[in-house]
Amino acid sequence: MAKSNQVSSDLVYSKYVQQLQKSSAHSVIMFAGQGDVQPYSLFVHSPSVIPLLKNQYDEVLLNAIIKMTQETRQIAVTKHPWGTFVQAASFASQDMASETNYDAIWLRDSVWGYLALDSQADTRSEAHQVLLTLWDYMATSHQIDRMKSIILNPALVNDKDGQMNVPHIRFNSASAQFEDVQEKGKPQPWTHKQNDALGLFLDTTLQEVKDHKITADEWNKDKRLDALIYLVGYLDKARFDQMEDSGAWEEDARLNTSSVALVTSALENLQKMIAKPSDVEKPFVESLQDRAKTLKLEHFINSENLLRLVDLGYLRIDKQLAMGGESPDYPKTDPRYRQADAALLNLIYPARLHRLTIKQKEQVLDIVAPLMGDIGIRRYFNDNYQSANFWFHNIKTDTDSASHAERKKQFVPGTEAQWFFDSWYAKAALMVYEENKNPHYKALAFRSMNHALAQITGPNMIGANAKPVAAMALPESYNFIADNGELWEAPSPITPLNWAKASMTLMLEEMKADIHK
């Protein structure tokens with residue numbers, strides 16, 4: 001049976017390669033670059049995009065792009081009586097959803113979805129409900145119990161079940177109890193040590209309070225305030241500035257600059273609110289402090305303790321940036337050692353790090369720049385997730401050790417997946433330009449925006465698993481198909497991805513704001 005299945009797989013692969021050889025999935029356009037940005041080529045997958053690609057943009061052109069991509073960027077919101085959700089991906093095929101579990105709710109991806117929905121007037125009310133639902137998830141008894149346990153016994157973070165002991169960052173929206181994704185009737189083991197997601201949630205929730213979008217009735221509902229208090233206590237006792245976590249890519253734990261940064265941003269936000277609350281913030285702060293006293297946890301959220309934590313966070317960020325990147329505080333021979341990593345873009349956005357200097361922000365862009373490919377941006381060098389022929393090796397998208405071992409075994413050097421992060425990079429570069437007014441960074445933003453637009457799928461495209469993907473859609477990444485020394489790119493079957501949609505919307509909003517200044 002195993003041999004028969006292999007023959008069948010080989011035949012599918014052979015026919016697929018023949019299809020790729022017969023038809024080009026892209027048009028190559030050469031751009032001269034702008035200012036000191038070097039000439040570059042674009043692999044444009046949708047013919048509809050080609051007329052709109054320019055070296056620089058004015059309001060008319062930008063509005064045309066916004067209009068053309070409106071449906072492409074539309075984020076589907078799932079509503080149940082128990083909440084409003086943004087799934088990681090919106091698949092037409094239930095088989096694909098079941099195979100990858102990308103129909104689950106990731107805390108990180110959902111907050112990005114919230115940020116995009118909140119940036120548009122017509123979806124702002126939906127955005128609010130999405131964030132409140134995430135808050136309800138963090139306030140469930142199982143989440144609070146996990147945080148309580150770590151506060152009482154921080155060693156649980158690092159024991160053999162550490163990844164499951166910590167607050168969970170993924171759940172099943174079809175469950176009214178927000179249960180974990182199930183596997184064989186039990187919670188699926190997952191790399192839940194993801195402080196970046198926790199920090200992003202906390203920071204975004206606090207910002208909605210500061211923006212006067214959350215009412216007293218909403219923050220006092222059930223155990224929402226408890227969730228924030230216990231989350232701060234968890235981050236404190238787990239020593240977030242020294243904690244190895246699986247970070248944005250959900251892989252082997254390491255001490256990630258990006259995770260420390262997002263937590264630091266949230267704690268800094270809260271510290272400033274408590275130290276000197278505005279008239280809008282004062283009722284929330286008083287409610288939070290009163291509840292903390294009732295729980296006998298007021299020592300976690302006083303201004304002095306929060307300032308101590310923020311200082312520790314910045315010490316780690318400054319040290320690791322000075323050392324060169326994401327997790328550089330290891331021997332270079334250690335597999336945890338890493339400098340260039342796209343997750344560093346978190347330091348510029350969505351983090352709000354008040355002490356991060358403009359030089360450090362420029363450094364982040366410089367560190368990430370070598371990861372840029374002809375189509376997208378690599379997560380990091382030698383990334384074996386969705387590398388060449390990934391989908392033909394029957395490797396699960398799970399985070400278990402067996403899946404990781406198989407990825408490593410099948411990895412073809414130089415064929416890392418190239419992700420949608422050009423839109424993220426474009427927004428970050430434009431934010432840096434708005435601060436330093438160096439035209440180089442605006443030119444970088446335009447180049448990256450062009451790459452992001454070029455990633456939109458064209459008609460009749462076939463994904464990297466030999467199955468059709470939707471046209472005018474945003475893939476999670478472009479994968480490579482390798483055969484006889486040649487490479488062809490194809491969109492990941494994880495198309496469309498809601499994080500990619502959110503990132504493009506936020507990029508276009510940043511562009512629009514810059515043009516109107």
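Just so it is clear, the structure is predicted and the values come from calculations on it, not from any experiment. Residue numbers count from 1 along this sequence.
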Flag the pair K213 and E208 as a salt bridge only when some basic side-chain nitrogen lies within less than 4.0 angstrom of an acidic carboxylate oxygen.
-> no

Validation row: E268, L307 side chains within 4.5 angstrom (heavy atoms) = no

Pair F85 and W106, ring centroids less than 6.0 Å apart | no

Pair K223 + D136: basic N to acidic O under 4.0 Å | no

Is it true that W82 and Y137 have ring centroids separated by less than 6.0 Å?
-> no

Can a donor-acceptor pair be found between the side chains of S287 and D290 at a distance below 3.5 Å?
-> no

Between the side chains of S477 and Q418, does any donor sit under 3.5 Å from an acceptor?
-> no

In sequence, state the C-alpha distance, the side-chain angles, and the governing distance for L347 and L344, and then conclude on side-chain contact (heavy atoms from CB on, under 4.5 Å).
-> CA-CA 6 Å; L347 276 69; L344 285 167; 4.2 Å; yes

Taking the side chain as every heavy atom from C-beta outward, state whether R108 and D196 have any pair of such atoms under 4.5 Å apart.
-> yes

What do you reckon, are the aromatic ring centroids of Y478 and H45 less than 6.0 Å apart?
-> yes

Mark yes or no for whether Q143, through its side chain, and A227, through its backbone, hold a donor-acceptor pair below 3.5 Å.
-> no

Might you point out which heavy atoms bring A340 and L371 nearest each other, and give the distance in Å?
-> C-CD1, 3.9 Å

R308 bridged to D236 by N-O distance under 4.0 Å = yes

Would you tell me whether Q129 and T84 have side-chain atoms, one donor and one acceptor, within less than 3.5 Å of each other?
-> no

Close side-chain approach of T457 to P475, heavy-atom, < 4.5 Å = yes

Rounded to the nearest 0.5 Å, how far does OG of S503 lie from CG of L115?
-> 10.5 Å

In I229, L228, L297, the residue satisfying side-chain contact (heavy atoms from CB on, under 4.5 Å) with R291 is I229

Is the side chain of D203 donor-acceptor paired with the backbone N or O of G199 at a distance under 3.5 Å, no angle test?
-> no

Could you pull out the closest heavy-atom pair between T133 and G83, with the gap in Å?
-> OG1-CA, 3.5 Å

Show your reasoning for whether side-chain contact (heavy atoms from CB on, under 4.5 Å) applies to L306 and F300.
-> CA-CA 7 Å; L306 288 167; F300 284 125; over 6 Å; no

Would you confirm whether R73, through its side chain, and I66, through its main-chain N or O, come within 3.5 Å as a donor-acceptor pair?
-> yes

Should K512 and E509 count as an ion pair when the cut-off is N to O under 4.0 Å?
-> yes

Would you check if F201 and W135 make a side-chain contact, meaning some heavy-atom pair closer than 4.5 Å?
-> yes

L255 side chain reached by R316 side chain, heavy atoms, under 4.5 Å = yes

So, N450 versus Y57: side-chain donor-acceptor pair below 3.5 Å or not?
-> yes

Working for side-chain contact (heavy atoms from CB on, under 4.5 Å), residues D383 and W249 = CA-CA 10 Å; D383 177 11; W249 314 141; over 6 Å; no

Do NZ/NE/NH1/NH2 and the carboxylate oxygens of E183 and K396 come within less than 4.0 Å?
-> yes

For E250 and H192, does a side-chain donor sit closer than 3.5 Å to a side-chain acceptor?
-> no

Ignoring hydrogens and angles, state whether a donor on the side chain of Q455 or D422 is under 3.5 Å from an acceptor on the partner side chain.
-> yes

Begin from the C-alpha positions of E435 and Y441 and carry the test side-chain hydrogen bond (donor to acceptor under 3.5 Å, both in side chains) through to its verdict.
-> CA-CA 10 Å; E435 190 170 346; Y441 293 96; over 6 Å; no

Kindly say whether S327 contributes a backbone atom to a donor-acceptor pair with the side chain of R338 at under 3.5 angstrom?
-> no

T399 backbone acceptor or donor facing S403 side chain under 3.5 Å | no

Assess the pair W424 and Y349: is the distance between their ring centroids shorter than 6.0 Å?
-> no

Validation row: D180, K186 side chains within 4.5 angstrom (heavy atoms) = no

Is there a donor-acceptor pair under 3.5 Å between the side chain of D245 and the backbone N or O of N195?
-> yes

How close do A261 and I317 get, heavy atom to heavy atom, and via which atoms?
-> CA-CD1, 3.7 Å

So, N256 side chain and S259 main chain: donor-acceptor pair closer than 3.5 Å or not?
-> no

T69 vs T505, side-chain contact (heavy atoms from CB on, under 4.5 Å): CA-CA, chis, key distance, verdict = CA-CA 9 Å; T69 61; T505 290; over 6 Å; no

Cationic tip of R378 above W419 ring, under 6.0 Å, 45° of axis = no

Quick one: does I65's side chain get under 4.5 Å of M449's, heavy atoms only?
-> yes

Under 3.5 Å side-chain donor-acceptor pair for S258 and E326 = yes

Just checking, any donor-acceptor pair under 3.5 angstrom between side chains of H516 and E59?
-> yes

Quick one: does E362's side chain get under 4.5 Å of N436's, heavy atoms only?
-> yes

For the pair S265 (side chain) and L262 (backbone), establish whether a donor and an acceptor sit closer than 3.5 Å, ignoring hydrogens and angles.
-> no

Looking at K193, R336, R379, which hits salt bridge (Lys or Arg N to Asp or Glu O under 4.0 Å) with E251?
-> R379

Just wondering, are more than 12 heavy atoms of other shown residues or ligands nearer than 6.0 Å to NZ in K210?
-> yes

